[in-house]
Amino acid sequence: MESGELAGVKDLYSIGDVARRTGLSVSTIRFYADEGVVAPTGLTEGGLRRYDVHAIARLELVRTLRDLGAGLDDIRRVLAAETTLHDLAVTHLRLVEEQLRQFQARRAVLRTVVRQHTTTEQVSLMRKLVSMSDDDRARLINQFWDFVTDGLDVHPSYVERLHSRRPHLPEEPSAEQLEAWIELAEIVQDEEFRATLRDFFHRTFGTEQGPGYRRACGRWFGRVDRRHDGGLVGSGDGQCSDGD
């Protein structure tokens with residue numbers, strides 16, 4: 001808008017006034033004007049920029065979107081009505097949620113490092129553990145139970161139930177849940193623990209009581225499987241008794 005036309009526009013503000021109203025710096029407002037994001041309503045005869053309330057509202061929107069992490073290209077599209085604010089919000093919400101998951105994972109690692117005497121190698125391992133996918137976590141637990149139960153003479157349902165004992169992190173796990181997963185993953189990868197537990201299972205089922213214990217387990221899991229097939233229960237408690 002030319003300087004002569006500005007005379008008919010009410011409530012024009014200098015760039016300093018706009019800076020105070022929006023919380024943006026004068027240099028930032030000039031930058032947005034030079035980049036074609038929000039142009040001034042017009043110039044005075046002396047070349048000074050003037051902004052009306054509509055331009056100020058656009059600058060306030062720009063500031064809000066920038067605070068939320070939106071780029072200038074995305075903001076230009078919103079202001080030019082090439083995309084909707086809703087679509088932009090959906091896109092950036094996904095980005096923010098992903099960043100939040102990453103920060104939670106980092107927090108879990110750091111809290112574990114602070115709580116334990118952690119080596120450099122362990123920190124790297126922790127970072128990998130919290131970044132695992134659901135399939136990776138399931139694979140890790142399955143490998144643990146495969147090792148522990150290899151060659152174990154028990155009812156197949158018993159081994160299946162052991163394999164079903166695995167953590168399921170929610171889509172948005174808390175720092176505490178991630179810390180618990182780090183601790184569990186470290187335990188199931190500890191060679192001494194794996195060997196000790198495997199030893200325990202083989203000694204337990206290899207004793208004189210073993211055959212009777214196996215039969216009891218078989219009967220118990222048979223009942224659980226029948227009830228599960230009938231839709232009465234979702235899962236068993238994984239315990240065997242000596243009688244029916």
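Predicted, not measured: the structure shown is a model, and the values here were computed from it. Excluded from the calculations below are hydrogen atoms, water molecules and symmetry mates; all remaining heavy atoms, backbone and side chain alike, are included.
Note: the hydrophobic cluster containing Phe31 also contains Val18 (ILVMFWY, side chain heavy atoms under 4.5 Å, direct or indirect links).
Side chain of Arg194 to main chain of Phe147: no donor-acceptor pair is present (N/O by atom type, distance under 3.5 Å, no hydrogens or angles). Thr149 places no side-chain N or O within 3.5 Å of a backbone atom of Val159 that could act as its donor or acceptor partner.
Residue Thr84 comes nearest to Val78 through the heavy atom pair O-CG2, 4.3 Å, listed as atom of the first residue, atom of the second, then distance.
Qualifying side-chain contact (heavy atoms from CB on, under 4.5 Å) partners for Asp150, counting only residues two or more places apart in sequence or in other chains: Arg198. For Thr91, there are no side chain to side chain donor-acceptor pair (under 3.5 Å) partners, not counting sequence neighbours. In this structure, Arg30 has no side chain to side chain donor-acceptor pair (under 3.5 Å) partners at least two apart in sequence or on a different chain. Contacts of Ser14 classified as side-chain contact (heavy atoms from CB on, under 4.5 Å), with partners at least two apart in sequence or in another chain: Asp17, Arg50. With sequence neighbours excluded, the residues that form a side-chain contact (heavy atoms from CB on, under 4.5 Å) with Asp73 are Arg76, Arg77. For Ser27, the side chain to side chain donor-acceptor pair (under 3.5 Å) partners are Ser25, not counting sequence neighbours.
Using bins of under 30°, 30° to 60° and over 60° for the plane-to-plane angle, the ring pair Trp145/Phe201 lands in the perpendicular bin.
Ser157 and His155 share a donor-acceptor pair across their side chains, judged by distance under 3.5 Å alone.
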